[in-house]
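Notes follow the structure.
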Amino acid sequence: MAATASSPFKKIQIQRDDTTFDAYVVGKDDAPGIVVIQEWWGVDFEIKNHAVKISQLGTGFKALIPDLYRGKVGLDVAEAQHLMDGLDWQGAVKDIAASVNWLKANGSKKVGVTGFCMGGALSIASSVLIPEVDAVVAFYGVPSSQLADPAQAKAPVQAHFGELDKFVGFADVTAGKALEEKLKAAGVPHEVHFYPGNAHAFMNRSPEGIQRRKDMGMPDEDEPAVQLAWSRFETWMTRYLYC
């Protein structure tokens with residue numbers, strides 16, 4: 001299906017094992033690919049905003065969002081929590097692997113993975129579990145040790161955390177520092193950045209996303225931090241995907 005005037009995305013279907021899932025692609029056909037992984041909300045306006053932004057960074061990337069929830073979107077925290085709790089994480093990693101391979105089969109010589117919140121954790125897991133991944137940038141999320149040990153990452157990892165993040169063991173400073181120590185000890189090329197004065201999901205800058213964060217008790221707005229993070233993201237992905 002072609003992109004329409006109202007949406008820059010081309011909707012595709014990707015097959016893996018005995019399941020098919022929808023994915024949304026934006027960007028230049030022959031550019032390096034980046035799989036963009038949703039927050040716990042699902043494939044909503046915010047993750048699509050991020051994918052469009054990524055497609056336009058630098059000399060351009062081809063961004064692909066796999067629909068890990070198969071069309072479901074959480075409209076409030078309880079729904080989002082329910083959807084994330086019900087996610088087959090190993091299956092999600094398989095979806096990401098299929099997405100990476102689709103990009104490599106469709107014009108992208110190298111492919112990175114990025115994600116936010118739940119997607120951040122899955123991004124790091126993909127650096128461990130998917131050999132075809134060439135670089136990872138994770139925003140505020142670390143996988144459980146049962147899913148993946150970051151010390152076994154096979155791709156360079158950049159990670160971003162807000163210093164005020166309260167998601168203990170998942171995205172708080174302690175989780176971020178533990179990730180940094182593991183990557184350092186294992187000799188994995190890495191950068192781990194912490195943003196003072198910023199809480200969870202600080203990259204979400206749409207009016208709806210800002211309101212949603214305020215409703216969750218995260219009123220901070222820090223545009224310079226967001227721009228700095230995007231700049232670091234662009235430098236990292238350009239270094240590893242354009243070389």
Side-chain angles (χ1 to χ4, degrees), residues 14 16-17 19 21-25 33-44 46-48 50-51 54 61 63-74 80-104 111-161 165 167 169-172 175-176 178-179 182-183 188 190 192 200-201 203-204 229 233 236-237 240:
I14 296 176
R16 65 112 176 136
D17 301 334
T19 182
F21 59 92
D22 291 337
Y24 301 85
V25 183
I34 298 181
V35 178
V36 184
I37 311 174
Q38 67 199 50
E39 297 177 287
W40 65 346
W41 306 105
V43 179
D44 67 351
E46 200 70 76
I47 202 66
K48 288 184 174 178
H50 290 328
I54 287 164
F61 295 98
L64 182 155
I65 309 169
D67 187 352
L68 305 183
Y69 286 169
R70 305 296 192 263
K72 296 191 176 80
V73 176
Q81 183 73 56
H82 178 72
L83 286 167
M84 186 171 82
D85 288 346
L87 182 68
D88 169 7
W89 288 70
Q90 277 84 10
V93 170
K94 289 180 180 177
D95 287 354
I96 297 162
S99 300
V100 169
N101 290 329
W102 186 93
L103 283 165
K104 290 202 170 186
V111 176
V113 177
T114 192
F116 303 79
C117 172
M118 179 183 94
L122 282 164
S123 298
I124 293 170
S126 76
S127 75
V128 177
L129 301 169
I130 305 171
E132 295 82 7
V133 173
D134 296 297
V136 161
V137 179
F139 291 91
Y140 29 79
V142 177
S144 70
S145 54
Q146 293 95 330
L147 181 64
D149 177 4
Q152 294 175 8
K154 299 169 189 72
V157 175
Q158 185 186 73
H160 303 263
F161 299 91
D165 201 313
F167 285 86
F170 177 73
D172 62 338
L179 171 68
K182 281 195 166 187
L183 295 171
V188 176
H190 69 280
V192 179
H200 194 70
M203 296 297 285
N204 293 351
F233 174 101
W236 192 257
M237 288 302 199
Y240 290 106

Ring pair (Phe, Tyr, Trp, His ring centres under 6.0 Å) partners for F161, two or more places apart: F194
Residues in ring pair (Phe, Tyr, Trp, His ring centres under 6.0 Å) with F139, at least two apart? F116, H160
Identify the two heavy atoms, one from A138 and one from G141, that lie closest to each other, and give their separation to 0.1 Å. CB-O, 4.4 Å
If you round to the nearest 0.5 Å, how far is CD1 of I34 from CG of L103? 9.5 Å
The salt bridge (charged side-chain N to carboxylate O under 4.0 Å, His left out) partners of K94 (sequence neighbours excluded) come to D17
Steps toward side-chain contact (heavy atoms from CB on, under 4.5 Å) verdict (R16, N101): CA-CA 10 Å; R16 65 112 176 136; N101 290 329; over 6 Å; no
Between I130 and A97 the two heavy atoms that sit nearest each other are CD1-N, 3.5 Å
Shortest non-hydrogen pair, I54 vs A63, comes out as CG2-CB, 4.4 Å
Given the options D22, D95, L64, I14 meets side-chain contact (heavy atoms from CB on, under 4.5 Å) only with L64
Check: residues 35-43 side-chain donor-acceptor pairs under 3.5 Å, at least two apart:
from, atom 1, to, atom 2, distance (Å)
Q38, OE1, L68, N, 3.2
E39, OE1, N204, ND2, 3.2
E39, OE2, N204, ND2, 3.1

Is any side-chain heavy atom of H50 closer than 4.5 Å to one of T114? no
Where do A153 and V188 come nearest, in terms of heavy atoms and distance? O-CG2, 3.7 Å
Closest approach of C117 and F170, non-hydrogen atoms and distance? O-CZ, 3.5 Å
Taking only residues two or more places apart in sequence or in another chain, which ones pass ring pair (Phe, Tyr, Trp, His ring centres under 6.0 Å) with F167? H200
Who passes side chain to side chain donor-acceptor pair (under 3.5 Å) against D85, sequence neighbours left out? Q81
Contacts of D172 meeting side chain to side chain contact (heavy atoms under 4.5 Å, CB included) (sequence neighbours excluded), chain-then-number -> V168, T174, A175
Approximate separation, where rounding is to 0.5 Å, of I96 CD1 and L122 CG: 4.5 Å
Taking only residues two or more places apart in sequence, or in another chain, which ones meet D149 in a side chain to side chain donor-acceptor pair (under 3.5 Å)? K182
Sequence neighbours excluded, the answer for side chain to side chain contact (heavy atoms under 4.5 Å, CB included) partners of L83 is Y69, K72
Partners passing side chain to side chain donor-acceptor pair (under 3.5 Å) against D44 (at least two apart in sequence or in another chain): R212
My understanding is that only residues two or more places apart in sequence, or in another chain, count here; which of them pass ring pair (Phe, Tyr, Trp, His ring centres under 6.0 Å) with W236? Y240
Any side-chain heavy atom of L129 within less than 4.5 Å of one from Q152? no
Which heavy atom of A125 sits nearest to which heavy atom of P143, and what is that distance? N-CG, 4.1 Å
Please collect all side chain to side chain donor-acceptor pair (under 3.5 Å) contacts where either partner lies in residues 121-135, sequence neighbours excluded, each pair once. K104-D134
